[in-house]
Amino acid sequence: MQPANDEIAQLFENLGALLEMKGDSVFKIRAYRRAAETIRQLTFPLAQAVHDGRKLTGIPGIGKAISDKIHELVTTGKVQTYERTRAELPAGALDLLAIPGIGPKTAMLIGAELGISSVEGVEQAAADGRLAALPRMGQRAADSILRHIRATRSMGGRTPIGDALPAAEAVIAALRERGPETALLTPAGSLRRWEETIGDVDLVAVTPNPEELGRALTALPQVRETLVNGPRKTSVILSLDRPSKAQDDSAPGLQIDLRTGEPGAIGAMLQYFTGSQQHNIRLRDFANRMGLSLNEYGITGIESGQMETFADEAAFYARLGLPWIPPELRAGMWELEAAQQGRLPQLVEARHLRGDLHIHSDWSDGSDPIETMIEAAAALGYEYMALTDHSQGLGVANGLTPERLAAQKQVLGELQQRFGLRILAGSEVDIRADGRMDFPDEVLAGLDVVVASVHNAMSQDSPTMTRRIIRAMEHPSVTIIGHLSTRLLGQRPPTDFDLETVLQAALETGTALEINASPARLDLRDTHAYRAREMGIPLVINTDSHHHSELPGGRFGVAVARRAWCEPRHILNTLPLSEFLRFIQTPKPGRLRIFQAAGAAPSGGNV
DNA sequence: GCCGTTTTCGGCCCGACTGTTTTCAGTCG
């Protein structure tokens, strides 16, 4: 079993933490952390790259030493340096670092003085006074740690963006209504970068009355607890209505950090709090080499000591000789080089979408009649849509038999007369456990759009699942593979399959891949979409709507595509109706040329 | 340990906050 990128990243993350406890060079530690962060965001499996003999040292933050350690891990299953370092330190010390407020120094102290190596042990020691008795600790510090342990337990980790964004938008709307006048009140941080899960929600505001805005935030009805209420920063914890975690008995919470700045200087603050941390570190390094120093208030000449302020982000980046970089690209990967060289993509936007190709009605498990769904698509100004109710095998979803499907086609034909947009006959067809389709070939051949999806036997091993998906792609009638990994954020892990092999098959068969925009799925995920885009595979942003209110919900899928550096030309459903029809009417795999003629030739990898 | 339109050596992002402290260490983002 080859180590996945996340496991390799975790090893370097841990190695950095261990060296920090030992008091090793902070620069070496930072280098390991940076490498870990980079590896997490890679769009190809490192282990495979090692086997293929590809050079790893061109990847940002990976030099000879770390490249050698990756080779060692992939070929031997271990890294000697890591094993040795871990053996030198108290067992369990790494677990203590997960407690907010406990860093490497405190973890070492607790391990050495009290022999404690678990979160529960620290909680006990904080409660019975042993923690407070340690040097450089005290009752207040021990109480703070105890509070943090209990808070972390009740928060339940990172929040899916589908829960965090509506909560943040509700807070912003409420503050606009009840708070003082604000010239700006906007999300920053991971929410503004549209990451799939959010730690804390960062809000940045410009207002003549910061204290009043802070007070208004603490007074909102959904606020459970106020952590900080200072002149420039207010932090609260919201009670979160999280239907996706309904089975959890702990009440989930979401921390909101609100910061206020001066109108003429908000550019630097918004940039700073949008991050990512890796992006900011690289940007500051870049600025240093220009003789400039960055902070959240402005840009300072290192020689002159003079600080300049900026009214918006574009002016801030312009002072560094760079174009404005969209937040979704600020990952600390390749975006600075692309910005310098004028190669930033013109990212796809929701307004570019001309159709939705994955829509359910009450004929299967949707909750609205077909007409209601069509009206909702027409209201968005779409040129086309595909109705794709489930196939017969999905009994729990009231899947359609071939007979009901034929009847539905008839209905669609009649409805077509009443609407301006083109209504395509489709189905979301089950990919059976062996890769066969859940409808006979002649039924599938009569449809305009076939979305083939895995809905059962999700625990198959990787070779089986890989073969199963590829067999579906090889079917001449399959237009799109739906929600490739079947994951549900925070609830169900992705299935196990060989991504590179599957993507290669998509390309060879001319099968499109769906970016499922349902915030519970976000599937393809960003890094997989990035790789697919690089290879020239047609991508489709679909809502998988089961209710008319979900049709305008494509924004989460658009965000995934933007994080994958997609331009409109990479997204199949930005094509005008005539070209889209030409695509689906041209047999596979030749239809790929229609898509690529529209501008989406493979772009080649970065490594 | 990484990196280079000053450099293959000598730098390496920056500030806020907290709590324990008489000048700062540790942690966080």
Side-chain angles (χ1 to χ4, degrees), chain A residues 12 15-17 19-21 23-38 56-70 79 81-82 85 96-110 131-145 147-148 152 188-191 193 198-202 204 227-235 255 257 259 261 268-269 271-300 302 307 320-321 332 336-337 340-341:
Chain A
F12 287 117
L15 183 52
L19 293 179
E20 201 171 18
M21 287 191 256
D24 210 318
S25 151
V26 293
F27 302 111
K28 193 196 278 193
I29 292 157
R30 191 178 297 165
Y32 281 128
R33 294 243 161 88
R34 166 146 195 244
E37 196 52 46
T38 297
L56 303 182
T57 47
I59 302 170
I62 296 185
K64 180 160 189 326
I66 291 182
S67 171
D68 286 348
K69 286 185 175 62
I70 295 169
V79 175
T81 314
Y82 177 64
T85 312
L96 302 190
L97 290 179
I99 303 171
I102 294 189
K105 295 290 189 290
T106 313
M108 276 298 269
L109 188 67
I110 292 172
L131 204 55
L134 291 176
R136 286 201 67 85
M137 291 290 284
Q139 197 54 50
R140 293 171 71 99
D143 288 346
S144 167
I145 287 172
R147 254 202 328 277
H148 278 304
T152 307
S190 53
L191 191 59
R193 300 196 311 276
I198 308 299
D200 305 332
V201 169
D202 293 297
V204 168
L227 302 175
V228 180
N229 188 8
R232 303 220 149 266
K233 175 179 170 179
T234 301
S235 290
Q255 183 170 333
D257 294 338
R259 291 178 180 82
M269 178 164 283
Q271 195 286 324
Y272 174 79
F273 284 110
T274 297
S276 70
Q277 191 173 24
Q278 290 297 326
H279 174 83
N280 285 356
I281 287 173
R282 297 202 65 201
L283 195 65
R284 284 164 184 217
D285 184 47
F286 179 79
N288 270 353
R289 278 185 258 120
M290 297 173 70
L292 300 171
S293 171
L294 311 182
N295 64 23
E296 57 263 53
Y297 305 110
I299 299 181
T300 306
I302 292 170
M307 185 172 84
L320 302 174
L336 277 192
E337 287 80 354
Q340 271 179 278
Q341 297 161 10

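Lettering of chains follows the sequences in order, A, B, ..., and the numbering in each one begins at 1. Since this is a predicted model, take the numbers as computed values, not measurements. Just the heavy atoms: all of them, side chains too, but no hydrogens, waters or symmetry mates, feed the values below.
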Worksheet item: Can you name the nearest heavy-atom pair linking A/Ser293 to A/Asn288, along with the distance?
Response: CA-OD1, 4.2 Å
Discussion item. Please classify the nucleic acid contact of A/Asn280 as base, sugar-phosphate, or nothing, using heavy-atom distances under 4.0 Å.
Written reply: nothing
Worksheet item: Do A/Thr106 and A/Arg136 have side-chain heavy atoms sitting under 4.5 Å apart?
Response: no
Worksheet item: Over how many whole Å does the gap from A/Asp285 atom CG to B/dT7 atom P extend?
Response: 16 Å
Practice prompt. Could you pick out which residue, A/Ser293 or A/Arg147, lies toward the 5' side of DNA chain B when each is mapped onto its nearest nucleotide?
Written response: A/Ser293
Discussion item. Say we look at B/dT20 and B/dC14: how far apart would their C1' atoms be, to the nearest angstrom?
Written reply: 23 Å
Response to the item:
Taken to the nearest 0.5 Å, the spacing of A/Tyr272 OH from A/Asn295 CG works out to 9.0 Å
Discussion item. Using whole Å, what does the distance between atom P of nucleotide B/dC2 and atom CD1 of A/Ile66 come to?
Written reply: 4 Å
Practice prompt. Assign A/Leu134 to base, sugar-phosphate, or nothing according to its heavy-atom contacts below 4.0 angstrom with the strands shown.
Written response: nothing
Discussion item. Could you tell me how far B/dG19 sits from B/dT23 if I compare only their C1' atoms? Round to whole Å.
Written reply: 14 Å
Worksheet item: With a 4.0 Å cut-off on heavy atoms, is A/Lys233 in touch with a base, just the backbone sugar-phosphate, or nothing at all?
Response: nothing
Worksheet item: What's the CD-P distance between A/Glu20 and B/dT27, to the nearest Å?
Response: 8 Å
Fill in: Verdict with supporting geometry, A/Leu294 and A/Gln271, side-chain contact (heavy atoms from CB on, under 4.5 Å)
CA-CA 10 Å; A/Leu294 311 182; A/Gln271 195 286 324; 5.5 Å; no
Worksheet item: From A/Arg289 CZ over to A/Arg284 CZ, what is the distance, rounded to the nearest 0.5 angstrom?
Response: 14.5 Å
Worksheet entry | Gap between atoms NE2 and P, on A/His148 and B/dT27 respectively (whole Å) | 12 Å
Discussion item. Go through it in stages, so that I can follow the logic: the residues are A/Glu20 and A/Arg33, the test is side-chain contact (heavy atoms from CB on, under 4.5 Å), and I'd like the CA-CA distance, side-chain angles, deciding distance and then a yes or no.
Written reply: CA-CA 11 Å; A/Glu20 201 171 18; A/Arg33 294 243 161 88; 2.8 Å; yes
Worksheet item: What integer distance in Å separates A/Asp143:CG from B/dT18:P?
Response: 15 Å
Worksheet, complete the sentence: Considering only heavy side-chain atoms of A/Phe27, the closest of B/dA16, B/dG1, B/dG19 is B/dG1
Practice prompt. Describe the nucleic acid contact of A/Ile102 in one word from base, sugar-phosphate, nothing, applying a heavy-atom distance below 4.0 Å.
Written response: sugar-phosphate
Discussion item. Between A/Val79 and A/Leu15, is there a side-chain heavy-atom distance shorter than 4.5 Å?
Written reply: no
Worksheet item: Can a side chain N or O of A/Asn288 be found less than 4.0 Å away from OP1 or OP2 on B/dC14?
Response: yes
Fill in: Nearest-angstrom distance, P atom, B/dG10 to B/dG15
26 Å
Practice prompt. May I ask you to test the A/Met21-A/Leu97 pair for a side-chain heavy-atom distance under 4.5 Å?
Written response: yes
Item to complete: Identify, between A/Asp202 and A/Pro60, the residue whose nearest nucleotide on DNA chain B lies closer to the 5' end.
Response: A/Pro60
Discussion item. I want to verify a distance call: between B/dG29, B/dG15, B/dG1, whose nearest atom is closest to the A/Gln277 side chain?
Written reply: B/dG29
Fill in: SB check A/Arg147 A/Asp143 (cutoff 4.0 Å)
no
Practice prompt. With sequence neighbours excluded, tell me which residues meet side-chain hydrogen bond (donor to acceptor under 3.5 Å, both in side chains) with A/Gln340.
Written response: none
Worksheet item: Under a 3.5 Å cut-off on both pairing distances, which runs of 3 or more consecutive Watson-Crick or G-U pairs involve DNA chain B?
Response: B:1-4 with B:9-12, B:14-19 with B:24-29
Discussion item. Closest approach to the side chain of A/Ser25, judged atom by atom: which nucleotide of B/dA16, B/dT20, B/dG1 is it?
Written reply: B/dG1
Worksheet entry | Same-atom distance (P) from B/dT6 to B/dG1, integer angstrom | 27 Å
Response to the item:
Looking only at B/dG19, B/dG1, B/dG15, the nucleotide nearest the A/Arg140 side chain is B/dG19
Worksheet item: Is any side-chain N or O of A/Lys28 closer than 4.0 Å to OP1 or OP2 of B/dC12?
Response: no
Worksheet item: In whole angstrom, what separates A/Asp24's CG from B/dG1's P?
Response: 8 Å
Discussion item. Checking contacts here: which listed nucleotide (B/dT5, B/dG1, B/dG29) is nearest the side-chain heavy atoms of A/Asp200?
Written reply: B/dG29
Discussion item. Would you say that A/Asp24 contacts A/Thr85 through its side chain, given a criterion of any heavy-atom pair below 4.5 Å between the two side chains?
Written reply: no
Discussion item. At less than 4.0 Å, is any side-chain N or O atom of A/Tyr272 found next to OP1 or OP2 of B/dA16? Yes or no.
Written reply: no
Output a table of nitrogen or oxygen pairs between the protein and nucleotides 24-26 of chain B separated by less than 3.5 Å.
residue, atom, partner, partner atom, Å
B/dG26, O3', A/Thr106, OG1, 3.4

Discussion item. What's the gap between B/dT8 and B/dC12 when it is taken at their C1' atoms, as a whole Å value?
Written reply: 16 Å
Discussion item. Need one value for A/Leu294: base, sugar-phosphate or nothing, where a base atom within 4.0 Å counts as base even if backbone is also close, heavy atoms only.
Written reply: sugar-phosphate
Item to complete: Taking atom C1' in both B/dA16 and B/dG11, compute the distance separating them and give it to the nearest angstrom.
Response: 25 Å
Practice prompt. Give the rounded distance in Å between these two atoms: CD of A/Gln139 and P of B/dT18.
Written response: 18 Å
Discussion item. To the nearest 0.5 Å, what is the distance between CZ on A/Arg34 and CD1 on A/Ile281?
Written reply: 8.5 Å
Worksheet item: Rounded to the Å, how far apart are A/Phe273 CZ and B/dC14 P?
Response: 16 Å
